[in-house]
Amino acid sequence: MKHRSIKISIITMIFSILLVSLTANEAAAESVPEWVKNNALWYGQGDISETEFLNAIKFLIETGVIVIESAEDVVAEIMEAEIIIPNGNSDVSGSGFYLPLNLEISENTKVTWVNDDSVPHNIQSQDNMGKVSDLFNSPPLQTGDRFEFTFEESGVYNYYCSFHPWRVGVVTVK
Ligand SMILES: [Cu+2]
């Protein structure tokens with residue numbers, strides 16, 4: 001019974017979103033028959049049964065008006081990228097730059113830093129004045145440790161290692 005009511009509220013929510021978006025989209029509105037829209041209203045008022053209402057949803061799915069995205073598809077939309085902290089990264093006079101030094105990604109990309117160096121490092125986000133900000137901050141990463149952060153919004157993100165502050169890197173989210 002509890003599951004059913006959750007299912008119904010999700011369906012009602014989908015319907016509300018659908019109806020709201022229809023007011024802004026004339027073309028889409030034409031593909032949803034009047035009787036389906038009325039069904040949503042009547043269901044909300046308790047004038048029709050759950051079965052009748054679900055049949056209306058079924059109709060929209062069968063006719064392709066509602067497209068159901070599987071959980072797998074949603075996961076696939078999150079992209080991934082890696083930044084290597086290479087061996088020798090701690091050496092101030094060496095060339096052990098982050099690989100890549102400026103990572104370019106699109107929104108909703110999960111970035112994983114991997115410490116391939118023989119000494120610990122950390123990753124600290126910086127504001128545009130170079131001060132540590134709390135957007136993403138890793139604990140000390142031992143050799144082989146990984147740190148993840150998902151960038152949701154476009155922008156230029158600077159970071160550095162507080163143990164070796166000469167090591168700065170950039171993530172550019174387009
Ligand atoms: Cu470091």
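In listed order, ligands and their atoms are each counted from 1.
The ring-ring contact (aromatic ring centres under 6.0 Å, His included) search around Phe147 returns Trp113, not counting sequence neighbours.
Take the Cu ion (ligand 1) and draw a sphere of radius 2.8 Å; the protein N/O/S atoms inside it number 3.
Distance alone, capped at 3.5 Å, is enough to place a donor-acceptor pair between the Asn137 side chain and the Ser133 backbone. Listed for the Asp117 side chain is a donor-acceptor partner under 3.5 Å among the backbone atoms of Gly88.
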Under 3.5 Å, side-chain donor or acceptor atoms of residues 166-174 against the rest of the protein: list the pairs with distances, not counting sequence neighbours.
{"from": "Trp166", "atom 1": "NE1", "to": "Ser90", "atom 2": "O", "distance (Å)": "3.3"}
{"from": "Arg167", "atom 1": "NE", "to": "Asn89", "atom 2": "O", "distance (Å)": "2.5"}
{"from": "Arg167", "atom 1": "NH2", "to": "Asp91", "atom 2": "O", "distance (Å)": "2.9"}
{"from": "Arg167", "atom 1": "NH2", "to": "Gly94", "atom 2": "O", "distance (Å)": "3.2"}
{"from": "Thr172", "atom 1": "OG1", "to": "Asn102", "atom 2": "OD1", "distance (Å)": "3.0"}
{"from": "Lys174", "atom 1": "NZ", "to": "Glu104", "atom 2": "OE1", "distance (Å)": "3.4"}

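The salt bridge (Lys or Arg N to Asp or Glu O under 4.0 Å) analysis of residues 132-145, with sequence neighbours excluded, yields no pairs.
Linking ILVMFWY residues whenever their side-chain heavy atoms come closer than 4.5 Å, directly or via other members, leaves Ile84 and Tyr160 in distinct clusters.
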